[in-house]
Amino acid sequence: MRTPSETNLSAEDLLGLYRRMLLIRRIEERLGEDFKRGDLPGPVHLYIGEEAVATGVCAHLTDADWIASTHRGHGHFLAKGGDPKLLVAEVYGRAGGVCRGMGGSMHVADFSKGILGANGIVGGGIGLAVGAALAAQLDRKGAVSAAFFGDGAANQGVLMEALNVSALWKLPLLLICENNGFSEFSPTGTVTVGAIADRAKPFGVPAAAVDGNDVIAVWQATNAAVRRARAGEGPSLIECRTYRLRGHVESEGSFIQERYRADEEVAAWIARDPIARLASYMDEHALAPASAREAIEAEIATIVAEAVAYATDSPYPAPDQARQFMFA
Amino acid sequence: MRTPSETNLSAEDLLGLYRRMLLIRRIEERLGEDFKRGDLPGPVHLYIGEEAVATGVCAHLTDADWIASTHRGHGHFLAKGGDPKLLVAEVYGRAGGVCRGMGGSMHVADFSKGILGANGIVGGGIGLAVGAALAAQLDRKGAVSAAFFGDGAANQGVLMEALNVSALWKLPLLLICENNGFSEFSPTGTVTVGAIADRAKPFGVPAAAVDGNDVIAVWQATNAAVRRARAGEGPSLIECRTYRLRGHVESEGSFIQERYRADEEVAAWIARDPIARLASYMDEHALAPASAREAIEAEIATIVAEAVAYATDSPYPAPDQARQFMFA
Amino acid sequence: MARRRMIQAINEALAEEMARDPRVILFGEDVEISVMGDTRGLRATFGPDRVRNTPICETVMTGMAVGAAAAGWRPICHMMYGNFLYTGMDAIANQAAKLRYMTGGQIKVPVVYMGVFGAGRSSAAQHSDAMHPMFMNLGGIKVVLPASPADAKGLLKSAIRDDNPVIFLQAAGRGGEAGDVPEEEYTIPLGVAEVKRPGKDVTLVAIGAMLRPAMRAADALAGEGIEAEVIDPRTLMPLDEATIVASVQRTGRLVVVDEARDACSAASHIAAVVTEAAWGALKAAPKRVTVPDVAIPYSPPLEKSLLPDPERIAAAVRATLGR
Amino acid sequence: MARRRMIQAINEALAEEMARDPRVILFGEDVEISVMGDTRGLRATFGPDRVRNTPICETVMTGMAVGAAAAGWRPICHMMYGNFLYTGMDAIANQAAKLRYMTGGQIKVPVVYMGVFGAGRSSAAQHSDAMHPMFMNLGGIKVVLPASPADAKGLLKSAIRDDNPVIFLQAAGRGGEAGDVPEEEYTIPLGVAEVKRPGKDVTLVAIGAMLRPAMRAADALAGEGIEAEVIDPRTLMPLDEATIVASVQRTGRLVVVDEARDACSAASHIAAVVTEAAWGALKAAPKRVTVPDVAIPYSPPLEKSLLPDPERIAAAVRATLGR
Ligand SMILES: Cc1ncc(C[n+]2csc(CCOP(=O)(O)OP(=O)(O)O)c2C)c(N)n1
Ligand SMILES: Cc1ncc(C[n+]2csc(CCOP(=O)(O)OP(=O)(O)O)c2C)c(N)n1
Ligand SMILES: [Mg+2]
Ligand SMILES: [Mg+2]
């Protein structure tokens, strides 16, 4: 990690990033437990371990900017300012959920916050984000659009189509690849040739590969890309190398028999946990007292408790709701 | 063009290439006239001006190798050894056509010659060729598979998917881009960012951009790629820069009002006509007497006349044939 | 009234709606020069921001239409031929059709996908498909198939104003066909069928390009003393069941003519719906005149042999009358 | 007989056919570790040439299946979830379904596309679609939907041996369900329905996962003195019309249960076909029990409210009997 003077980030900024990452972590830990207890109706893909990516990127975005997310979408939702209550209630399938229980974990969206939604289609968010970038360009208000997608998604042809058309039209687009080393259970190298960041080069799209567990590195790379996009100079690709500390999907123990990664590998990445790393960094540079982080921890415990209480208090939707919302 | 000693091609080889290009030219000139006269039931996309590409590539292939073609597919069909009679009859919609009149110009195929077929879907042949390359790899007989596709098709995401999976599996695949400067009526630069050959680089796939109106250059680039593929070393991409001397589709005069290219541009490319160029090259290096070419011209005139006669003699298919061939 | 070809009527609808609402944008392959003719001149009038040629990339095109709509614009995504909708199917089926629903009605998705579809011009198997049944079954997508220039214009204007994804399919064989188009501003609501010819003996529902042979069949049948009521649903999703059922309640007989392949065709669906709704009135089994479950062949006599024509339609009508 | 879960029965079919015919190959995303469980162990048995994980790239996957088939192999292309078939739709609709036809029968296209489809597990709108009607309408593709482990095994073996493209859709909710499977080698021909329960009062056609609620409804109805004949078509294209029509000729009544959305569903098509073929015998309007024309919601009570269940099925049966 860089020294504070290189980062452009104040201690307050850093605590803000810390807080956001921790919020994602604690909400998802809770959802993980809920899943294990059988309290969640559908599948959940947790973002634990990858929080620095969504947090470092979304720190640059306002509600006027757009993001399109993935099947692993809780982190993006919270990083972009989505309400934890509405998220948890949605994953619980309740009427008070952000999508009234219609979408669940794989479809959490809040258009009022610029969140185009999680997505059950790997690579599906890329097209949506290109469209939002086109909208932003036409709006001429300097908004940008970011597509999050995995290393696995990088093998979908839509990425190349997006690179070409966004470069051609100089769309304010950020292509954020979350390379967590796996496409489900396939290690990246077994399905993906070459470096993903390089795929931007033939299109003259600037690309960077950064340590995706270093929130400051992600923040900095995004800073450059967002400036470029807001200035009308076109798209950028940022490949964030990270790791998911949980399974691909919380239910995987029930259907996967083989081990697909070594304990040592997981342990090595636990040692690079983005939240703990930011904490050490702040300690090292005496940027914020541990007490500040403890206060955040306490605050977030309350938020999680409130979100869960809100969700459990919320009723299931009335069945006739299922026939609504097809047509506007 | 190179000097004869650099080419590995004998005078006989060159006359063979000349003959093949001229066959494509004369057959298509005839089809163009037929279209104008209203004798062809469907649309035709002529390959005139681009003959060096199919010819230079297919010279390396046998019936055991596969090609997948495009909507502009007559040239590939003839270059790969398809029968002119069967081609013309097919475009005429006759029972004696290679597809019994079921497919027409956009679907001419002859599987016995390794011709997987022309295709109405831009980029559609790429997936077929990848599959044939997989088949060839499994067959372990050293066969290769070549996908022809245009500069416009290079913007279809399937190209990136094909590059990734073929590089991953080291498939014996040739990706032959026919960059004729237009995607229908859009000049390449208005829809395509960067150099197409560069799109292979992130995947470590060797790529070359060659003068597609120089049959020897195409031959040589293909030579290297085919060797590589047969040796199990994986795919290659060759971008052939060429030009179509006719319209995108023969009917375009009836629906396009604007001019979309300058007369001078067309004239400049006429001056680079691949057939005339090979003729001059042979003259320059005294490789074959003009009389040899005249003999070829005469021979081809006969072939064209016979093909047309065969086609016009062939009846239209019996209507009940339309209900056949859906299921094997 | 003004005499207009189908393609001109569509062009007018596009121009009028783009002039009316600055948030309507249009993109597609070669829409600037306009391969179909329907988008001709729009680039010059509305500028390069709002009218854009795209590269050939149907996958991202259909998706970006959804994203741009979600972000507040009203995109028209021109797909040229209807079978390229298959190429861009992912975002249509997985995103456009479901985004509003699965996000609990948070947004509207005002996208129009346009394409030319169907057989009749020796365009062969791929370019001749009739794919409206697939879109009818998707849910969340409106499906519009005009059969005349006037309907095309009025329906397209409504489609553009509609806050939902709409697939607007123009029959390949009808682009050049002329008809009278009102000179004053008008729209035709989606979901409303039209009785194109009144009659009392049999209800003849004709979809899209099938209207013409159905009208010819009705003419011929009239000579035999059979009065067919010809109805054009115009919109297939939502379907104006009421108009069709009311007609069958009177006539007691139904023939549906559809250019789609038979299995799970619009014809099958309309027949099933009407059978249930008008059971008591039905005097004969509803009949479908469709294309067999094969692709469309290239050679003209083969193609012709598969498509519904006035003879086959009239024969089906006679069969329902026991003649 | 051996007790097998659906997914095991499918696994056995794959293993047996791959052992039987060395030209059968299988590829798909994570088929080595096997997300669904149906391809488990095949990589170890048949090696890395014949069993391959693919990258996530449905567009090229569906196309390369066609190319490999045209070049003489017999690929099984595992699509994991059925809605990823939309992602790979281009090559299915534009190539697989038409290649043999448009080349005049020159070749066979022995490809099997496999996927898990349908609702019932709170997988939400995208992952819960039932898309068999779309494939039925394509022409040139056989469509198979097994409802029991034994049928799944026998039908999949036939699908793999079939020389045409086949879409094999396994209902999401049934993978873990157990049933008796013959221990000896057997196949079940494509295009042959099975009477799962004989009855004389009404014909109840139940597709795929709908067999279970239909059988429950039949049980409940038997208690009321109504004997429903339950038929599982098993293959939807080609459809065994004869078996269904023969049943309706006897019962005079038809109810079709389909997990697809109603518009252009298999239920609509079967109802239309039977109405025409068995008109004289019909005593009541055929009824469809389907999903409304909306996507599938996530929340369990919402999802449940849309899916056909024994109560709705029984009510439809009673309605055809005027009760
Ligand atoms: C189009 C499509 N194909 C396949 C899947 C099944 N699937 C869900 S997640 C996943 C792996 C995605 O890998 P990656 O993009 O790296 O994201 P990660 O799960 O690692 O965050 C796959 C194959 C899908 N959801 N959509
Ligand atoms: C999937 C698809 N989209 C669009 C088209 C319409 N179309 C036919 S040819 C063509 C241009 C192709 O350009 P290119 O690939 O460069 O080939 P060329 O015609 O120049 O040989 C287009 C857009 C198509 N046939 N298929
Ligand atoms: Mg990943
Ligand atoms: Mg071109």
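Chain letters run A, B, ... following the sequence lines, proteins first and then strands; every chain starts at 1. The model shown is predicted, which means the values in this text are computed figures rather than measured ones.
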Work out which heavy atom in D/Q106 is nearest to a heavy atom in B/C99; give both atom names and the distance.
NE2-SG, 3.7 Å
Mark yes when over 12 heavy atoms from residues, nucleotides or ligands other than D/K108 sit less than 6.0 Å from its NZ; otherwise mark no.
no
Can you list everything that forms a ring-ring contact (aromatic ring centres under 6.0 Å, His included) with B/H76? Sequence neighbours excluded, please.
B/Y47, B/F148
Tell me whether D/Q95 contacts the main-chain N or O of B/L128 through its side chain, where contact means a donor paired with an acceptor under 3.5 Å.
no
By side-chain hydrogen bond (donor to acceptor under 3.5 Å, both in side chains) - contacts of D/E17 (at least two apart):
D/R20, D/K157, D/R161
Of the listed residues (B/G103, B/A328, B/G127, B/A135), which shares the most heavy-atom pairs with chain D below a 4.5 Å separation?
B/A328
Among B/Q156, B/R140, B/M106, residue most engaged with chain D (heavy-atom pairs, under 4.5 Å):
B/R140
For B/N119, is it the side chain, the backbone, both or neither that has a heavy atom under 4.5 Å from a heavy atom of chain D?
side chain
Most contacts with chain D, counted as non-hydrogen pairs under 4.5 angstrom, among B/L138, B/D110, B/I126
B/L138
For chain B, which residues from residues 48-71 of chain D have at least one heavy atom closer than 4.5 Å to it?
D/D49, D/R52, D/N53, D/T54, D/P55, D/C57, D/E58, D/T59, D/V60, D/G63, D/M64, D/V66, D/G67, D/A68, D/A70, D/A71
Qualifying residues under side-chain hydrogen bond (donor to acceptor under 3.5 Å, both in side chains), relative to B/E239, sequence neighbours excluded
B/N179, B/R241
Is D/K98 in contact with chain B via its backbone, its side chain, both, or neither, using a 4.5 Å heavy-atom distance?
neither
Rounded distance (nearest 0.5 Å) linking atom CZ of B/R100 with atom OH of D/Y101
12.0 Å
Rounded distance (nearest 0.5 Å) linking atom CG of B/L134 with atom CH2 of D/W73:
8.5 Å
Side chain, backbone, both or neither of B/A129 within contact of chain D (heavy atoms, under 4.5 Å):
neither
With only heavy atoms counted, which part of B/L159 is less than 4.5 Å from chain D, the side chain, the backbone, both or neither?
neither
B/F327 side chain near D/M237 side chain, heavy-atom distance below 4.5 Å:
yes
Between B/A143 and chain D, with a heavy-atom cut-off of 4.5 Å, which part of the residue counts as in contact: side chain, backbone, both or neither?
neither
What part of D/D163 is in contact with chain B, defined as an atom under 4.5 angstrom from a non-hydrogen atom: side chain, backbone, both or neither?
both
Less than 4.5 Å apart, side chain to side chain, heavy atoms only: is that true for D/I141 and B/M326?
no
Working to the nearest 0.5 Å, report the span between CE of D/M102 and CZ of B/F325.
14.5 Å
Cut-off 4.5 Å, heavy atoms of chain D, and the answer for B/V98 is both
Report which part of B/Q137 has an atom under 4.5 Å of a heavy atom belonging to chain D: side chain, backbone, both, or neither.
side chain
Using every non-hydrogen atom in the two residues, find where D/T103 and B/F111 come nearest and quote the distance to one decimal.
OG1-CE1, 3.6 Å
Which atoms of B/L116 come close to chain D, meaning under 4.5 Å heavy atom to heavy atom: side chain ones, backbone ones, both, or neither?
both
